[in-house]
Amino acid sequence: MPSNKRWTIALSQRHNRGMKLLFVLLAMAVGPVSASAAPAGLAAIGPISQSAFDHAVRTPRIEPNAPVGFRAKRPGKRYSVTVPIGKPKPALPLPVIQGPNNPGLPLVVIDAGHGGHDPGAHSPHNGKREKDITLALAKAIRDDLVASGRVRVALTRADDRFLVLEERYGIARRLKADLFISIHADAAETETASGASVYTLSEVASDREASRLAARENKANIINGIDLGAHSSEVSSILLDLTQRETMNVASDFARLLQREAGDDVKFRTTAHRFASFVVLKAPDTPSVLFETGFISNKGDAEFLASAAGQRKVARGVRDAVQIHFARQIEYRP
């Protein structure tokens with residue numbers, strides 16, 4: 001230990017021993033400093049002996065801020081909550097297929113929108129509820145199609161019952177339907193809004209739904225006759241995308257055909273064919289349209305759709321469009 005005098009910071013009695021050790025080490029690193037060169041606040045403490053240094057090193061360090069003495073004990077046992085969810089309900093019974101007993105004929109599934117505890121829109125003019133109007137229209141369309149003898153028909157609901165949206169197009173898929181038509185009668189904030197429109201699935205919604213469906217099906221399903229499980233995930237996604245896009249094209253063709261064939265009896269909006277991401281349109285392998293037959297918030301539309309004559313006109317337009325649609329399918333079938 002050098003004998004020359006060293007300088008260190010004067011320690012008050014309030015500083016702890018750990019801080020003293022720190023200052024001792026700093027003093028050793030400073031080197032010889034003359035008394036005249038000592039900065040303000042430093043005091044000459046004389047040479048540091050080896051015993052003093054060893055004592056400072058051996059002294060236990062005292063934490064400047066001692067930790068809080070009380071801490072909550074960890075729970076000795078882990079708890080869990082179990083909620084019974086019961087057994088899954090059986091699949092919804094499939095509706096009866098009406099029409100000729102010929103499996104080779106096309107199958108059309110008609111979906112009457114809303115139902116049960118979901119009344120849909122209300123008409124301020126005649127008090128009619130959308131669920132009642134759509135059911136009456138669906139039955140009128142079914143009767144006309146069955147009478148033609150060229151197609152088979154099934155209704156998703158034939159009475160006042162509630163179906164979730166996925167069940168509606170799920171019925172069409174389980175029946176392997178060739179066409180799915182969902183019937184609605186909307187309401188608008190203004191009574192001047194009137195006219196029918198036909199919705200098909202938008203491309204953006206199609207891309208998103210195709211991705212979800214590919215993940216959900218886990219390649220273990222057959223879509224439109226294509227076994228996705230026989231291909232890699234990349235190929236399956238491409239096949240599903242191509243299938244759904246073809247389905248969308250067929251649905252768009254029918255939407256335009258419906259407007260043309262029903263246009264003489266049913267008033268359509270200026271832009272009648274529209275695109276949306278309605279859940280009932282998302283069957284990847286069943287061409288699907290949502291037919292908004294009019295606005296029951298409009299007095300003229302409400303009276304037309306609630307009358308037997310108006311319902312027959314809507315049914316006749318749908319029947320003609322369906323017949324031409326499947327005639328084209330047969331004509332262009334390879």
Side-chain angles (χ1 to χ4, degrees), residues 92-116 120 123 126 128-163 167-169 171-172 174-186 196 198 251 254-255 257-268 280 286-294 296 301-330:
L92 192 71
L94 291 175
V96 176
I97 298 175
Q98 296 177 280
N101 187 18
N102 181 0
L105 291 177
L107 173 61
V108 181
V109 172
I110 309 296
D111 172 49
H114 305 279
S123 174
N126 54 17
K128 295 293 185 179
R129 299 174 297 183
E130 183 178 4
K131 69 173 184 177
D132 300 322
I133 292 178
T134 58
L135 182 58
L137 287 169
K139 289 181 176 180
I141 295 171
R142 175 201 60 190
D143 294 343
D144 249 17
L145 289 174
V146 170
S148 71
R150 298 182 179 181
V151 296
R152 297 172 299 144
V153 186
L155 299 181
T156 57
R157 68 179 183 95
D159 51 22
D160 186 18
R161 70 176 62 190
F162 175 77
L163 298 173
E167 287 176 332
R168 296 176 184 272
Y169 74 79
I171 290 174
R174 290 167 61 195
L175 289 174
K176 301 186 185 305
D178 299 284
L179 183 63
F180 176 80
I181 305 174
S182 186
I183 306 297
H184 287 260
D186 205 358
V198 188
F254 178 77
L257 187 60
L258 177 58
Q259 180 184 3
R260 190 192 77 182
E261 294 302 315
D264 292 339
D265 295 323
V266 179
K267 176 186 175 184
F268 281 84
V280 292
T286 306
S288 307
V289 300
L290 188 146
F291 187 15
E292 286 282 6
T293 54
I296 58 176
D301 284 5
E303 292 177 353
F304 174 78
L305 296 174
S307 66
Q311 293 167 7
R312 284 195 298 268
K313 289 181 178 180
V314 172
R316 182 165 59 240
V318 174
R319 179 201 64 195
D320 294 344
V322 167
Q323 290 181 352
I324 297 174
H325 171 74
F326 288 118
R328 287 179 175 178
Q329 296 294 310
I330 295 174

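Computed from a prediction, not measured in an experiment: that's the story for all the values here.
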Set of salt bridge (Lys or Arg N to Asp or Glu O under 4.0 Å) partners for [X], sequence neighbours left out:
| X | value |
| --- | --- |
| Asp143 | none |
| Asp264 | none |
| Arg150 | none |

side-chain hydrogen bond (donor to acceptor under 3.5 Å, both in side chains) involving [X] - partner list, sequence neighbours excluded:
| X | result |
| --- | --- |
| Asp132 | Arg129 |
| Arg260 | none |
| Ser123 | Asn126 |
| Lys267 | Ser194 |

*Supply the atom-to-atom distance Leu137 CG to Lys139 NZ, rounded to the nearest 0.5 angstrom.*
11.5 Å
_Interatomic distance, Asp160 atom CG to Lys131 atom NZ [nearest 0.5 angstrom]_ = 3.5 Å
Hey, does the side chain of [X] reach the backbone of [Y] with a donor-acceptor pair shorter than 3.5 angstrom?
| X | Y | value |
| --- | --- | --- |
| Thr293 | His184 | yes |
| Asp301 | Ile296 | no |
| Glu292 | Asp186 | yes |

Just so I know, are the side chains of [X] and [Y] near enough to count as touching, which here means a heavy-atom distance under 4.5 Å?
| X | Y | result |
| --- | --- | --- |
| Leu107 | Ile97 | yes |
| Thr156 | Phe180 | yes |
| Ile183 | Val314 | no |
| Leu305 | Lys128 | no |

*Apply ring pair (Phe, Tyr, Trp, His ring centres under 6.0 Å) to Phe254 and list each qualifying residue two or more places apart in sequence or on a separate chain.*
His325
_Between Val289 and Ile181, does the side chain to side chain contact (heavy atoms under 4.5 Å, CB included) criterion hold? Intermediate values first, please._
CA-CA 5 Å; Val289 300; Ile181 305 174; 4.0 Å; yes
*Using the side-chain hydrogen bond (donor to acceptor under 3.5 Å, both in side chains) rule, collect all pairs that involve residues 92-105, keeping only residues at least two apart or in two chains.*
Gln98-Arg142
_Strictly by salt bridge (charged side-chain N to carboxylate O under 4.0 Å, His left out), give each pair with a member in residues 97-113 just once, sequence neighbours left out._
Asp111-Arg168
*Residue pairs, two or more places apart or on separate chains, that pass salt bridge (charged side-chain N to carboxylate O under 4.0 Å, His left out) and touch residues 312-323*: Asp144-Arg319, Asp265-Arg316
*Checking side chain to side chain contact (heavy atoms under 4.5 Å, CB included) for the pair Ile141/Val322: CA distance, chi angles, key distance, verdict?*
CA-CA 10 Å; Ile141 295 171; Val322 167; over 6 Å; no
*Scan residues 135-158 for pairs that pass ring pair (Phe, Tyr, Trp, His ring centres under 6.0 Å), counting only residues two or more places apart or in two chains.*
none
*Gln311 versus Ala136, closest heavy-atom pair with distance*: NE2-CB, 3.6 Å
*State, to 0.1 Å, how close Pro95 and Ile171 come at their nearest heavy-atom pair, and which atoms those are.*
CD-CG2, 3.6 Å
